[in-house]
Colleague: 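There's a structure below that I have some questions on.
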Amino acid sequence: MAIGYACIHLGSSKTQLSTLHVKNFTQEKFLLVLDHNLNALEEIFHYNMIHHIQMLRISSDIVPLSTHPINTVPWLDMYKDRLTRIGQLIQEQGMRVSMHPGQYTVLNSIHADVVQKAKKDLLYHAKFLDALGCDCTNKLVLHIGGVYGDKKESMHRFAENFATLDPSIKQRLIIENDDKSYTVEDVLSLSKQVHIPVVFDTLHHTLNPPQNNQLSLFEWIKICQETWKPQDGKQKIHYSQTGTNFKNGAHSSFIQAEQFFQFYQQLIDKDIDIMLEVKDKNLSAIKCNLLIMENPPIKYLEEEWAKYKYFVLGNSAKTYQEIRTLLKDKENPDVLTFYTLLEHAFDTPSSKMSQINTLQHLWGYFKKRATPQEKKRFLSLITGYEEDKKTLASLKNYMYKLSYKYSVSYLLDSLYFYIE
DNA sequence: TGACGTCAAGATCCG
DNA sequence: CGGATCTTGACGTCA
């Protein structure tokens, strides 16, 4: 089983994507942004490699304004070698990637121009995966689209338009149930017509179940598995948990370990790949990966702890001590308890006192080498924070700058600067 | 016509 | 100037 996450990445400044708007478009700027984004993509793959994450959804925005008429840059040719090299990295590591055109790519639209744009967009995605040299187990995920008052007819239109697509799209396309219109039952019925796999989305299914639903989530997953043929690779599903506002179907900020672990245990066939849709992206991917790993080495948890510890200390000194105690048992790492405690720290409202205590901890890295001005600035920021004149964010920002200046890699790798 | 979702860039304002 | 807080973009469907 591989766990993956979608598009963006937390915890490093090197992995942020850039973008470009139409009014600023020039070939020069476009190439700068694309170059930057490919570097970021490589960084993300490198990160995934060392964190044993085997799956990634590549953002559609990797190439800005990829199908906009203004963009006539032959980037695919210009970056052929570069893309091939990145692709080799993916294959060497046995990673699986995917892409997911958004809600504005509508293949079954009643408007011919919208369908044309959708085709163009799908072709861009397929060509990008082709350029990486990724085979057809690396999928393109799409929703069925609009209903236009007649679901059956709209599904038929999807099938007709599907038939006209380029083979590199056809062989990659998979269809997903959505949260409003098309249930998993609808998607399965369309799959029978077009013979492409169904990717089951757990949250969409909960929000938009089939009528007279008699089956469990796990039975539906099993039924969807039958749409996956050997050339498609392992079955993929999307897993997410709902945020605090259940109605709008927003994704939760992080995956709750206990809930995910129960879900995993109930899966009928565990030989599937799971794409997480969650706000904290790679962080939850590492978590879920460790939760399902048999006999994970204590080292993996210790590496996690190194990244989270200052955040935890800032929120709850009690939880900080509890996790330290837990990690003293080197023989039997208790991953589930570790993450449950961590989640508790996220739910604990932090006090100014514990935040200042943590900042003093961090200052320990600098106090011997900082200039008098830096010391003065630090102390005045602390005073400002105490008096509600400065935010914690601005203090964290300053500590990050110092970490960068003095190359304190232990701090630069800390999630303290990225989560709140 | 606005909400929906997404995230970064750009604009603007504050101290 | 740094930092906080909007607004905009790029897209299609649906209420």
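To find a chain, count down the sequence lines: A is the first, B the second, and so on, and within it residues start at 1.
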Colleague: Under 3.5 Å, which protein N or O atoms sit close to an N or O of nucleotides 2-7 of chain C? Give each pair with its distance.
Modeller:
unit_1	atom_1	unit_2	atom_2	d
C/dA4	OP1	A/Thr391	OG1	2.3

Colleague: Is the closest side-chain heavy-atom distance between A/Arg96 and A/Asn138 below 4.5 Å?
Modeller: yes

Colleague: Ring-plane angle category for A/Phe30 and A/Phe25, please: parallel below 30°, perpendicular beyond 60°, tilted otherwise.
Modeller: tilted

Colleague: I need the NZ-P distance between A/Lys180 and C/dA15, as an integer number of Å.
Modeller: 10 Å

Colleague: Closest heavy-atom contact between A/Met99 and A/Ser59?
Modeller: CE-O, 3.8 Å

Colleague: Describe the nucleic acid contact of A/Ser181 in one word from base, sugar-phosphate, nothing, applying a heavy-atom distance below 4.0 Å.
Modeller: nothing

Colleague: Quick check on B/dA9: is either OP1 or OP2 less than 4.0 Å from any side-chain nitrogen or oxygen of A/Ser18?
Modeller: yes

Colleague: Which is true for A/Leu20 with a 4.0 Å heavy-atom rule: it touches a base, it touches only sugar-phosphate, or it touches nothing?
Modeller: nothing

Colleague: Select base, sugar-phosphate, or nothing to describe what A/Lys117 touches, counting heavy atoms under 4.0 Å on all strands.
Modeller: sugar-phosphate

Colleague: Taking the side chain of A/Asn24 as heavy atoms from C-beta outward, which of C/dT13, B/dG10, C/dC11 is closest to it?
Modeller: B/dG10

Colleague: How many Å lie between NZ on A/Lys281 and P on B/dG5, as a whole number?
Modeller: 14 Å

Colleague: How about A/Phe162 and A/Leu173: do any of their side-chain heavy atoms sit closer than 4.5 Å?
Modeller: yes

Colleague: Does NZ in A/Lys120 sit with more than 12 non-hydrogen atoms of other residues, nucleotides or ligands closer than 6.0 Å?
Modeller: yes

Colleague: Provide, to the nearest angstrom, the distance between the CG atom belonging to A/Leu122 and the P atom belonging to C/dC11.
Modeller: 16 Å

Colleague: What orientation do A/Phe260 and A/Phe263 show, parallel under 30°, tilted 30 to 60°, or perpendicular over 60°?
Modeller: tilted

Colleague: Figure out the CD1/P separation between A/Ile70 and C/dG9, and round it to whole Å.
Modeller: 14 Å

Colleague: Would you mind reading off the distance between A/His68 atom NE2 and C/dG9 atom C1', rounded to a whole angstrom?
Modeller: 10 Å

Colleague: Do A/Trp363 and A/Phe378 have their ring centres less than 6.0 Å from each other?
Modeller: yes

Colleague: Hey, is the main chain of A/Val187 close enough, under 3.5 Å, to the side chain of A/Ser191 for a donor-acceptor pair?
Modeller: no

Colleague: State, to the nearest 10°, the angle formed by the axis through the first five base pairs of the helix from B/dT1-C/dA15 to B/dG15-C/dC1 and the axis through its last five.
Modeller: 70°

Colleague: Heavy atoms from C-beta onward define the side chain here; which of B/dA9, B/dA8, C/dG12 lies closest to that of A/Gln16?
Modeller: B/dA8

Colleague: Given atom NE2 of A/His21 and atom C1' of B/dT6, what is their separation to the nearest angstrom?
Modeller: 11 Å

Colleague: If you measure only the distance, is there a donor-acceptor pair under 3.5 Å linking the side chains of A/Asp35 and A/Tyr79?
Modeller: yes

Colleague: Taking only side-chain N and O atoms of A/Tyr148, does any of them lie within less than 4.0 angstrom of OP1 or OP2 on C/dT13?
Modeller: yes

Colleague: When you measure from the side-chain N and O atoms of A/Ser109 to the phosphate of C/dT13, is any distance below 4.0 Å, counting only OP1 and OP2?
Modeller: yes

Colleague: Could you state the CG-C1' distance from A/Asp61 to B/dA8, rounded to the nearest angstrom?
Modeller: 9 Å

Colleague: Taking the nucleotide of DNA chain C with the nearest heavy atom to each, does A/Gly145 or A/Val22 sit closer to the 5' end?
Modeller: A/Val22

Colleague: For A/Glu258 and A/Gln262, which I'm curious about, is there any donor-acceptor pair between the side chains at under 3.5 Å?
Modeller: yes

Colleague: Hey, which sits more toward the 5' end of DNA chain C by its nearest nucleotide, A/Lys23 or A/Val147?
Modeller: A/Lys23

Colleague: Could you give the CG-to-P distance, from A/Asp280 to B/dC7, as a whole number of Å?
Modeller: 12 Å

